[in-house]
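Some notes on the structure that comes next.
Just so you know, residue 1 is the first one in the sequence shown, and it goes up from there.
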Amino acid sequence: MFSRRKFIQASAIFATMPAKIVLAGKQLLGNKFQVPALYAGTRKGNNVYFDLQIQSGLSQILVNKKTPTLGINQNFLGVTLRASKGDKVHIRVKNTIDKTSTLHWHGMKLPAKSDGGPHQAIQPNKTWETQFEVIQEAATLWYHSHQLHETAQQVYQGLAGMFILDDDKASALNLPSEYGVDDVPVIIQDKDFQQNGALRYLGGMMDSMMGKKGGTVLVNGVIRPVLKAKKSLLRLRLLNGSNARTYFLAFNDNRVFYVIGSDGGLLEQTQKTNRLRLAPAERAEILVDVSDGKMPILQHKSGKEKSGMRGMGMMRSMMSGNDNDLNIMQIDGSNAQKSNREIPKKLVTHDSPSMEQVSRQRLMRLEIKMGMGMMSGGDVFSINGKSMNANRIDEVVKAGSVEVWRIENASMMAHPFHIHNVQFKIVGKSESAISTHELGFKDVVLVNPHERVDVIMKFPEFRDKNTPYMYHCHILEHEDRGMMGQFVVV
Ligand code: C2O
Ligand code: CU
Ligand code: CU
């Protein structure tokens, strides 16, 4: 007997095999949905202590094979961290793998020394201790390795997890909020596997230019799982934890869902839609109603949206490469209990910086140097003509000031641009419309080829003239090969 479940798992090792077994009204995908373990630390009043360990191990992702992986407090991926606004967070990270690594708190406003970027590297067998106060609103943040030139590889192997922040205003809303029950983390990543079960990373120049895209989608480390909904209204905290792939998300039955949050927290108003583009490192919180008892499949529909590519035929398909429709996960609503939660129209009020407050504008020009460097593995990606140099400060920003940064994409590929230590608002895009989740606070924005995107932000009052924060493309292979710069706040 060869069960459907085994068949689907086994087929996952063939990267090119499309996951398209469609039987109306039946369960299509077979693996059990896994909720990452929640780790709220040890609390003493407003002080919360987290003990973390970067570790390696073997994970059962495929049927009969074990996959060597990395994780935080577990073998693959990280436990979900959780803290509240006003908490003083104390974190210890022990590095037990044989490579130097870091943990960066992506989306967090915090002192540069606590950022966990390339300047806070942790040698093998060493422990890094840091603390900071949570000064921002409820949000779905995440954390991941930020080791210089090694980020792509380490995140691909599993060094990534979710970091949820709470606050009183968000908690007062009648939103689904029972972790793992009706408030569910969904970390989406695409991978390739070798015959022996090991993860297959770069396959050549194409992968390193375009960023690594895999043919198998994992949710929380599981291939195409089924989430058996216990409640009829679900809140999904979507995180695109992929190295390079942008997902064009929609349900197979095109059902509507409700976008309530972006990178930096809740939106001001709920946005109804039936599709969502999620670039690497972006988060979106959505509400999905499954009171109809059906079993919708969340999919990546590559053909239904423009790929973000400009230019003609061959170039276009070459650069979007490996972009089939993909099944991501299925929700089984057949046993869902009627939820007593609502879909609120109004969520929170944002304290957004205004154009009158802007004291400085900066240009960030994203470029790819075509030519020999592509072959040699050198730094071919740059910002304002410069590839990343850890010994060079590129920008000096005043603490507490409001700035507009214009991110100009001078290349033929889309780049998700990320800035540390801030949450910005998008004020304008030259080539595309601002979409639902882009109405909220953001720390990463996808900039299409030849597009200009203006973002406005207020820099928090953390001063440190010696320790820089990063800004970079969040296609991790681009970040690792030069598309990153450094700023200090003084
Ligand atoms: Cu998600 Cu500089 O990082
Ligand atoms: Cu970051
Ligand atoms: Cu890029």
Side-chain angles (χ1 to χ4, degrees), residues 29 33-36 77-78 80-82 106-107 138-144 155 160-165 170 175-177 179-190 217-227 229 233-252 255-267 270-290 296-302 305 326-331 343 347 416 418 423 435-446 474:
L29 317 180
F33 189 91
Q34 185 150 350
V35 179
L77 300 173
T80 298
L81 307 180
R82 191 153 197 171
H106 178 126
T140 301
L141 309 185
W142 66 303
Y143 64 104
H144 60 80
V155 171
M162 210 172 254
F163 201 145
I164 296 176
L165 297 182
L175 293 168
S177 52
Y179 183 83
V181 176
D182 60 4
D183 181 351
V184 183
V186 175
I187 304 174
I188 307 171
Q189 297 175 309
D190 56 340
V217 180
L218 277 66
V219 172
N220 302 336
V222 176
I223 295 169
R224 299 189 297 269
V226 180
L227 172 63
L233 187 66
L234 299 176
R235 173 196 204 161
L236 303 183
R237 295 179 188 259
L238 307 174
L239 157 63
N240 183 349
S242 306
N243 280 31
R245 186 186 292 278
T246 292
Y247 296 90
F248 297 96
L249 301 174
F251 285 98
N252 63 325
R255 71 178 52 213
V256 297
F257 54 87
Y258 304 85
V259 182
I260 58 167
S262 59
D263 304 337
L266 294 170
L267 303 181
T270 299
Q271 304 289 321
K272 190 174 166 181
T273 185
N274 59 6
R275 62 209 178 114
L276 181 72
R277 185 192 68 190
L278 208 62
E282 277 193 303
R283 286 87 68 207
E285 292 185 32
I286 64 170
L287 299 180
V288 186
D289 184 346
V290 290
I297 302 174
L298 183 64
Q299 298 179 314
H300 162 58
K301 297 193 176 183
S302 58
E305 294 260 359
L326 297 165
N327 286 335
I328 294 172
M329 63 177 277
Q330 186 169 26
I331 304 173
I343 301 172
L347 295 163
H418 168 52
Q423 290 293 337
S435 72
T436 51
H437 66 304
E438 293 181 328
L439 295 165
F441 279 110
K442 301 278 299 157
D443 53 52
V444 51
V445 60
L446 189 69
H474 224 289

> In terms of the angle between their ring planes, are H144 and H474 parallel, tilted or perpendicular, with boundaries placed at 30° and 60°?
Replying inline: perpendicular
>> If you compare all heavy atoms of R255 against all heavy atoms of N274, which two are closest, and at what distance to 0.1 Å?
In response: O-CB, 3.5 Å
> Can you name the closest pair of heavy atoms from P185 and T80 and give their distance?
Replying inline: CG-OG1, 4.4 Å
>> Can you tell whether the side chains of K442 and E282 come within less than 4.0 Å, N to carboxylate O?
In response: yes
> Is there a donor-acceptor pair closer than 3.5 Å between any side-chain N or O of D182 and the backbone N or O of S177?
Replying inline: yes
>> Once you measure the plane-to-plane angle for F251 and F257, does it fall in the parallel (<30°), tilted (30-60°) or perpendicular (>60°) bin?
In response: perpendicular
> Charged N to carboxylate O under 4.0 angstrom, R237 versus D183?
Replying inline: yes
> Between A160 and W142, what is the shortest heavy-atom contact and its length?
Replying inline: CB-CZ3, 3.8 Å
>> Give me the atom names and distance for the closest heavy-atom approach of A284 to L278.
In response: CB-CD1, 4.0 Å
> Side-chain donor-acceptor pair under 3.5 Å between Y247 and S242, yes or no?
Replying inline: yes
> Strictly by modelled atom types, are Q299 and N252 linked by a side-chain donor-acceptor pair under 3.5 Å?
Replying inline: no
>> Determine whether a donor-acceptor pair (N or O, by modelled atom type, separation under 3.5 Å) exists between the side chain of E438 and the backbone of V445.
In response: no
>> If I compare all heavy atoms of V217 with all of L326, which pair ends up nearest, and what's the gap?
In response: CG2-CD1, 3.6 Å
